[in-house]
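The structure appears right after this line, and notes come after that.
Proteins get letters first, then strands, A, B, ... in listed order; numbering begins at 1 in each.
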Amino acid sequence: MTLRLWNSLDKKLVDLDPVIPGEVRMYNCGPTVYSDPHIGNFRSFLMGDLLRRVIDQRGFKTTHVVNITDVGHLTTDDVADASGEDKLEKEAREQGIDPFEIARKYEEVFHTNARQLNFRLAHEYPRATDHIPEMIEMIEKLIERGHAYEVEGVGVYFRVHSFEKYGCLSGNTLENLESGSRIAVDDRKESPHDFALWKIDEKHLMQWDSPWGRGFPGWHIECSAMSYKYLGGTFDIHTGGEDNVFPHHECEIAQSVGAGVGEFARIWMHARHLLVDGRKMAKSEGTFFTIKDLIERGFQGYEIRYSLISNHYRQPMNFTLEGLEGEAKAVSRLRVLREKLETVADEDFGRDQELLESLDSTRQAFDACIDDDLNLSGALGVLHERTRLLGRELPRGVAAGDALEFLRHCDEILGVLFVEEVVAEDTLSGEQQSWIDQREAARENREWDLADSLRDQLKEAGILVEDGPDGPTWTRIR
RNA sequence: GGCGGCAUCGCCAAGUGGUAAGGCACGGGUUUGCAAAACCCGCAUCCCCGGUUCGAAUCCGGGUGCCGCCUCCA
């Protein structure tokens, strides 16, 4: 079985056939650490995590790099020159602190969220600001090879007309760009489409020395420099959100190939954006969610993860809280089955050969979906169907162990079944606790009306009480 | 203006030539003091019009509608 992936470079499905047999090297465009990452960011990062898990499971040696962009990008100006303001810097001014402090703070938030969503750890998380010399070196190579030029006191630009393949990824060839020209002319540049590699702007807070003066690197060079350092000039997979296609990834290709370090990435994968309530995510619309927001609403990390991976990455996803609620129920059923199987797995029952074979064919169907360009919806369909069969007639003993083994296999990709629930520290008010106690007393005395009215009372206070074999449990209604 | 994507049950969503997976919701049932959870049963002919084919949700042509990128953006 071969993993087939949609390569957005040549717009077709290709077999994953690594440059180095048996070894896959992958670069995921990671977070820009100037604010809390949102669920849309994580949908894209999760595509990288899913890939990582599949590649591991298929037995490849993996090198997985996720970059941390701690030099921000321009926020203003449609002129690609040095007059824009860095997002990190803007954030720093607003918060009145050092931009590096902000970057470290949000880098930490990213890692926390990634843990909450059960990401497998990448092998490297290189920071842009730790790789300024590498970037400078690459810019020098580009100048040497005629792909870049310095504008005295302004910076260094990439000469797009020197790179024939410009536009190969996005379709934004120079011809197309010129016919649809919306970029203001800046006569310091040879072509309006030339993009900055190094910028000089004394107002900028983050500054480094370079052969062209004190300044800061352009928007795209970090990924070219860092992927080269950690993965070499030719590697297997490069991922990002769809908005990265142009200009970011297009420019990366121009830089890396132009610098002569290799072919650069063979397979490009781009996640479609996530919408919220059918619209683009926006703070002003109230459609902006961070992982923290959802956890504060009482959702588990694995529920959020399940929701974000349950749609195909190449399809726009419409996130809604109602949808998340439904997906939380779906994953809960899977976890309940897991728990049931765990409790009976020790029982003295033998193997069920027929079940074992049937599980194996389900596993193959599951894998086939995953291998087909990460068809998670299809794979989850297969899993739920099997779950229903297992729930109908719960296997015991060794057979239960076999069923668990099957679930574990699926969960190596999904990462939602065998993770512990995070129980938030939470206590009821004394009054609410006494209602629960009173209700228990009433139930002892078979005073059902009183018991039920107490439960209604709690429900109005947002507390859901459920009776189980070990007495009542309560949860907050989310 | 340039480049690209999508339209399948109330909602989410698989299926890409062989006669519509799955989840949520909903209805009925088992269980429960009642609930909840769990389990069982039920629940669509695929935007429109033409065409190709023995056969199309799946291919082709034409509509209609929606969306993304082209500027920082996952």
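A distance of 6.0 Å or more separates the ring centres of A/F264 and A/Y27. Checked against the 6.0 Å centroid threshold, A/Y166 and A/H193 do not count as a close aromatic pair. Side-chain rings of A/F366 and A/F406 stay apart, their centers remaining 6.0 Å or farther from each other. Aromatic rings from A/Y230 and A/H123 are positioned such that their centres are separated by 6.0 Å or more.
Here the nucleotide nearest the side chain of A/F246, chosen from B/U71, B/A14, B/A25, is B/U71. Of all nucleotides listed (B/A74, B/C72, B/C24), B/A74 comes nearest to the side chain of A/H38. For A/H384, whose side chain is taken as the heavy atoms from C-beta onward, the closest listed nucleotide among B/G33, B/G22, B/G15 is B/G22. Closest to the side chain of A/R455, from the set B/G33, B/A74, B/C34, is B/C34. Residue A/D452 places its side chain closer to B/G33 than to any other of B/C72, B/G2, B/G33. Among B/A35, B/G15, B/G23, the nucleotide with an atom closest to any side-chain atom of A/A330 is B/G23.
By the 4.0 Å N-to-carboxylate-O rule, A/R408 lies too far from A/D411 to be salt-bridged with it. Comment: A/R53 engages A/D49 in a salt bridge, judged by a side-chain N to carboxylate O separation of less than 4.0 angstrom. In summary, A/E342 and A/R338 engage in a salt bridge, as defined by a charged side-chain N under 4.0 Å from a carboxylate O. Remark: A/R314 engages A/D373 in a salt bridge, criterion side-chain N to carboxylate O under 4.0 Å.
Looking at A/E124, A/R25, A/R52 one by one, the single match for side chain to side chain donor-acceptor pair (under 3.5 Å) with A/H64 turns out to be A/R52.
Donor-acceptor pairing under 3.5 Å, judged by distance alone, is absent between the side chain of A/R333 and the base of B/A37. For A/D243 against B/G68, no side-chain N or O and base N or O form a donor-acceptor pair under 3.5 Å.
Taking a 4.0 Å limit (strictly below) on heavy-atom distances, residues 385-392 of chain A reaches RNA chain B at A/E385, A/R388, A/G391, A/R392. RNA chain B lies under 4.0 Å from no heavy atom of any residue of residues 118-128 of chain A.
Nucleotide B/C24: paired with B/G10 (Watson-Crick or G-U wobble, both distances less than 3.5 Å). B/C46: no Watson-Crick or G-U partner with both key distances under 3.5 Å is found in any strand. The nucleotide B/A38 finds its pairing partner in B/U30, both defining distances of the Watson-Crick or G-U wobble pair being shorter than 3.5 Å. When Watson-Crick and G-U wobble pairs are counted only if both distances are under 3.5 Å, B/C54 pairs with B/G18. For B/C3, the paired base is B/G68 (Watson-Crick or G-U wobble, both distances below 3.5 Å).
Classified by interplanar angle (parallel below 30°, tilted 30° to 60°, perpendicular above 60°), the ring pair A/F163/A/F158 is perpendicular.
Both A/A451 and A/K329 lie near RNA chain B, and the one whose nearest nucleotide falls closer to the 5' end is A/K329. Take the nearest nucleotide of RNA chain B for A/K11 and for A/L337: the residue whose nucleotide is more 5' is A/K11.
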Taking only nitrogen or oxygen atoms into account, show me every contact under 3.5 Å that the protein makes with nucleotides 6-13 of chain B, one pair per line with its distance.
from, atom 1, to, atom 2, distance (Å)
B/A13, O3', A/S377, OG, 3.4

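Rounded to a whole angstrom, the distance from the P atom of B/C6 to that of B/G17 is 16 Å. Across B/G1 and B/C72, the matching P atoms stand 23 Å from one another, rounded to whole Å. B/A44 and B/A57: their C1' atoms are spaced 12 Å apart (whole Å). Remark: the separation of the P atoms in B/C9 and B/G4 is 28 Å, to the nearest Å. With both ends at atom C1', the span from B/C47 to B/C40 equals 36 Å, rounded to whole Å. B/U8 and B/C48 have their C1' atoms separated by 15 Å, with the value rounded to a whole Å. Between B/U53 and B/U16, the distance separating the two C1' atoms is 16 Å to the nearest Å. To the nearest whole angstrom, the two C1' atoms, one in B/U52 and one in B/G42, are 38 Å apart.
Take A/D15 and apply the side-chain contact (heavy atoms from CB on, under 4.5 Å) test, not counting sequence neighbours, and it matches A/T2, A/R4.
If you measure from atom CD1 of A/I39 to atom C1' of B/C73, you get 15 Å, rounded to the nearest angstrom. Protein atom CG of A/L341 is 13 Å distant from nucleotide atom C1' of B/A38, rounded to whole Å. If you measure from atom CZ of A/F45 to atom P of B/A74, you get 7 Å, rounded to the nearest angstrom. Between the P atom of B/G33 and the CD atom of A/E466 lies a distance of 16 Å, rounded to the nearest Å. Protein atom CD1 of A/I291 is 14 Å distant from nucleotide atom P of B/A74, rounded to whole Å. Atom-to-atom, CG of A/D36 to P of B/A74 comes out at 13 Å; the value is rounded to the nearest Å. To the nearest angstrom, P of B/C72 lies 12 Å from CZ of A/F195.
Under 4.0 angstrom from either OP1 or OP2 of B/C69 there lies at least one side-chain N or O belonging to A/K280. Remark: A/N375 is in phosphate contact with B/G15, judged by side-chain N or O atoms under 4.0 Å from OP1 or OP2.
Among the protein residues, A/G323 comes within range of no part of the nucleic acid, since none of its heavy atoms lies under 4.0 Å from any strand. Among the protein residues, A/R338 comes within range of no part of the nucleic acid, since none of its heavy atoms lies under 4.0 Å from any strand. Residue-level contact check: A/G381 touches the bases, meaning some heavy atom is under 4.0 Å from a base atom.
Within the structure, every pair that satisfies the salt bridge (Lys or Arg N to Asp or Glu O under 4.0 Å) test and touches residues 448-467 of chain A, not counting sequence neighbours, is listed here: A/R439-A/D467, A/R443-A/D467, A/D452-A/R455, A/R455-A/D467.
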For a quick test of your reading: what N or O donor-acceptor pairs under 3.5 Å do the side chains of residues 315-322 of chain A make, sequence neighbours left out?
from, atom 1, to, atom 2, distance (Å)
A/N318, OD1, A/D277, N, 3.2
A/N318, OD1, A/G278, N, 2.6
A/T320, OG1, A/G323, N, 2.8

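Rounding to the nearest 0.5 angstrom, the gap separating the CG atom in A/L51 from the CG atom in A/L374 is 5.0 Å.
Between the side chains of A/D293 and A/T290, a donor-acceptor pair is found at a separation under 3.5 Å.
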